[in-house]
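Below: the structure, in structure tokens.
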Amino acid sequence: IENHYGYVNPSSFVVIEKYSWFLYIADEHEKALEANAKAIKMVETAMDEGLSSDFQTELSRLQIERVKIIEKNWTNYD
């Protein structure tokens, strides 16, 4: 996600998001929440830096997934 130059690819949040799903289905809910928070932070940082205006949709999806993790009703990875 972060290369040896210190650059973080703004779309890397997708990898973290999917990792949160795998943690969730493995009943590692706290770790899934941590991964989700990291993905949200990555998207917010990308938005703050003006890297894309399309990230609002992604941010909303991540926030919805966060609620599903908390409520333990995340039934599928979209």
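The shown structure was predicted, so the numbers you read here are calculated from the model rather than taken from an experiment.
- Expressed to the nearest 0.5 Å, how far OG of Ser20 lies from CG of Leu33 amounts to 9.0 Å.
- In this pair, Tyr77 and Trp21 present their aromatic rings tilted. The plane angle is within the 30 to 60° band.
- The environment of NZ in Lys68 is crowded: more than 12 heavy-atom neighbours from other residues, nucleotides or ligands sit within 6.0 Å.
- Note: Ile40 CD1 to Met42 CE = 12.0 Å, rounded to the nearest 0.5 Å.
- The hydrophobic cluster containing Ile70 does not contain Tyr19, counting ILVMFWY residues as joined when their side-chain heavy atoms lie under 4.5 angstrom apart, directly or transitively.
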Test log, rule salt bridge (Lys or Arg N to Asp or Glu O under 4.0 Å), inputs Lys38 and Glu34: CA-CA 6 Å; Lys38 184 171 186 168; Glu34 291 171 15; over 6 Å; no
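- Hydrophobic clustering of Ile, Leu, Val, Met, Phe, Trp and Tyr side chains at less than 4.5 Å, counting indirect connections, keeps Leu23 apart from Val67.
- Distance check, rounded to the nearest 0.5 Å: CE of Met47 to CD of Glu58 gives 10.5 Å.
- Put simply, CD1 on Ile64 and CG on Leu59 are 10.0 Å apart, with the number rounded to the nearest 0.5 Å.
- Between Glu17 and Asn36 there is no side-chain heavy-atom pair separated by less than 4.5 Å.
- With Tyr24 contributing its side chain and Ile69 its backbone, the two residues share no donor-acceptor pair below 3.5 Å.
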